[in-house]
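Everything on this sheet refers to the single structure shown next.
This structure is a prediction, so every number in the text was calculated from the model and none was measured. What's counted below: heavy atoms across the whole structure, side chains too, no hydrogens, waters or symmetry copies.
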Amino acid sequence: NDSNSNDSVGEGNYSGDVTGSYVAGVESNGTVFSVDITWTAMNFTYHAADDPVWDVETHQYVTPNEAYWEGEGTITVTNHSNAKISAVPTYAAKKGYESANVDFSTDVLVIASAADKNRAETGIITVTPTGSLPKMEQAGKIGSITITIAPST
């Protein structure tokens, strides 16, 4: 007998149909990468060495000031992803300025997943100019920095 009917029943077993419907849930979006990269101004000043000067008392050439760079930059990488990432900095000199280079504070910056502590994690790469700069009539581009973001194990 159908348990949904209004019939009177006596002793025995009775069954009823069970129905259901399926509503799909939100599917996982897997690994989600979201990274903020913030750059300070990468403007550096190269101070060339003074030409040697003849000192008439010591009978030697004296170089009063050695060449040096002024300035330092930073690249801040913030990981909003649900996976650990690596940020790899590289530098490419513009043609004619290959004598100038930069040093990075790290070759590979590994940043934990935001899911680890339920907050974005941040890392900083310090950029320091090195080498020498050929004489320039005016300030201009001497190269470019690229940050490559990839999953990290």
Side-chain angles (χ1 to χ4, degrees), residues 4 15-153:
N4 292 328
S15 62
D17 294 335
V18 176
T19 61
S21 61
Y22 177 85
V23 176
V26 175
E27 290 185 30
S28 170
N29 53 359
T31 303
V32 177
F33 291 98
S34 177
V35 179
D36 295 337
I37 302 174
T38 309
W39 310 71
T40 60
M42 296 292 163
N43 296 326
F44 306 110
T45 302
Y46 180 73
H47 297 272
D50 293 336
D51 287 336
V53 176
W54 181 251
D55 185 330
V56 294
E57 292 180 17
T58 63
H59 303 112
Q60 295 180 30
Y61 282 103
V62 177
T63 304
N65 291 310
E66 297 293 326
Y68 67 96
W69 284 95
E70 184 180 339
E72 185 177 81
T74 58
I75 303 166
T76 303
V77 181
T78 303
N79 185 14
H80 298 279
S81 308
N82 62 348
K84 182 166 54 168
I85 63 160
S86 64
V88 178
T90 55
Y91 176 76
K94 183 178 172 184
K95 185 174 172 129
Y97 298 98
E98 293 86 352
S99 61
N101 203 348
V102 297
D103 280 343
F104 298 110
S105 57
T106 184
D107 293 333
V108 179
L109 181 64
V110 176
I111 305 173
S113 165
D116 291 349
K117 296 180 183 174
N118 294 323
R119 69 170 190 247
E121 297 292 321
T122 298
I124 296 175
I125 301 170
T126 303
V127 180
T128 307
T130 63
S132 62
L133 190 61
K135 187 175 181 179
M136 302 172 71
E137 295 302 318
Q138 61 185 22
K141 181 178 175 179
I142 62 171
S144 60
I145 295 172
T146 301
I147 301 296
T148 303
I149 304 295
S152 180
T153 55

| query | Taking all non-hydrogen atoms of both residues, which atom of Gly96 and which atom of Pro134 are closest, and how far apart? | reply | O-CG, 3.5 Å
| note | dist Met42:CE -> Ile75:CD1 (nearest 0.5 Å) comes out at 4.5 Å
| Residues which pass ring-ring contact (aromatic ring centres under 6.0 Å, His included) with Tyr46, listed by chain and number, not counting sequence neighbours | Trp69
| task | Report yes or no: does Ser113 contribute a side-chain atom to a donor-acceptor pair with the main-chain N or O of Ala115 at less than 3.5 Å? | result | yes
| Rounded distance (nearest 0.5 Å) linking atom CD1 of Ile124 with atom OG1 of Thr78 | 8.5 Å
| query | When rounded to the nearest 0.5 angstrom, what is the spacing between CD in Gln60 and CG in Asp55? | reply | 7.5 Å
| request: Report the C-alpha separation of Ile147 and Val35 in whole Å, then their side-chain angles, then the decisive distance to 0.1 Å, and conclude whether the side-chain contact (heavy atoms from CB on, under 4.5 Å) test is met. | output: CA-CA 11 Å; Ile147 301 296; Val35 179; over 6 Å; no
| task | Taking all heavy atoms of Thr128 and all of Glu72, pick out the closest pair and write down the distance. | result | OG1-OE2, 3.7 Å
| request: May I ask you to decide if Val32's main-chain N or O and Asn82's side chain share a donor-acceptor pair within less than 3.5 Å? | output: yes
Show me, pair by pair, the donor-acceptor contacts under 3.5 angstrom made by side chains of residues 138-146, not counting sequence neighbours?
none

| field | Point-to-point distance, once rounded to the nearest 0.5 Å, from OG of Ser132 to CD of Glu98 | value | 11.0 Å
| task | Heavy atoms only: give me the nearest Ser86-Pro151 pair and the separation to one decimal. | result | OG-O, 4.2 Å
| note | Rounded to the nearest 0.5 Å, the NE2 atom of His80 sits from the CZ atom of Phe33 at a distance of 14.0 Å
| message | Minimum heavy-atom separation for Met136 and Leu133, please, with both atom names. | response | SD-CD2, 3.6 Å
| request: Kindly say whether Thr40 contributes a backbone atom to a donor-acceptor pair with the side chain of Thr74 at under 3.5 angstrom? | output: no
Distance-only criterion, 3.5 Å: show the donor-acceptor pairs between side-chain atoms of residues 102-112 and protein atoms not counting sequence neighbours.
residue	atom	partner	partner atom	Å
Ser105	OG	Thr126	N	2.8
Thr106	OG1	Val108	N	3.4
Thr106	OG1	Val108	O	2.9

| said: Do Val127 and Phe44 have side chains that approach each other closer than 4.5 Å (heavy atoms only, starting at C-beta)? | reply: yes
| request: Taking all heavy atoms of Gly71 and all of Pro129, pick out the closest pair and write down the distance. | output: O-CD, 3.7 Å
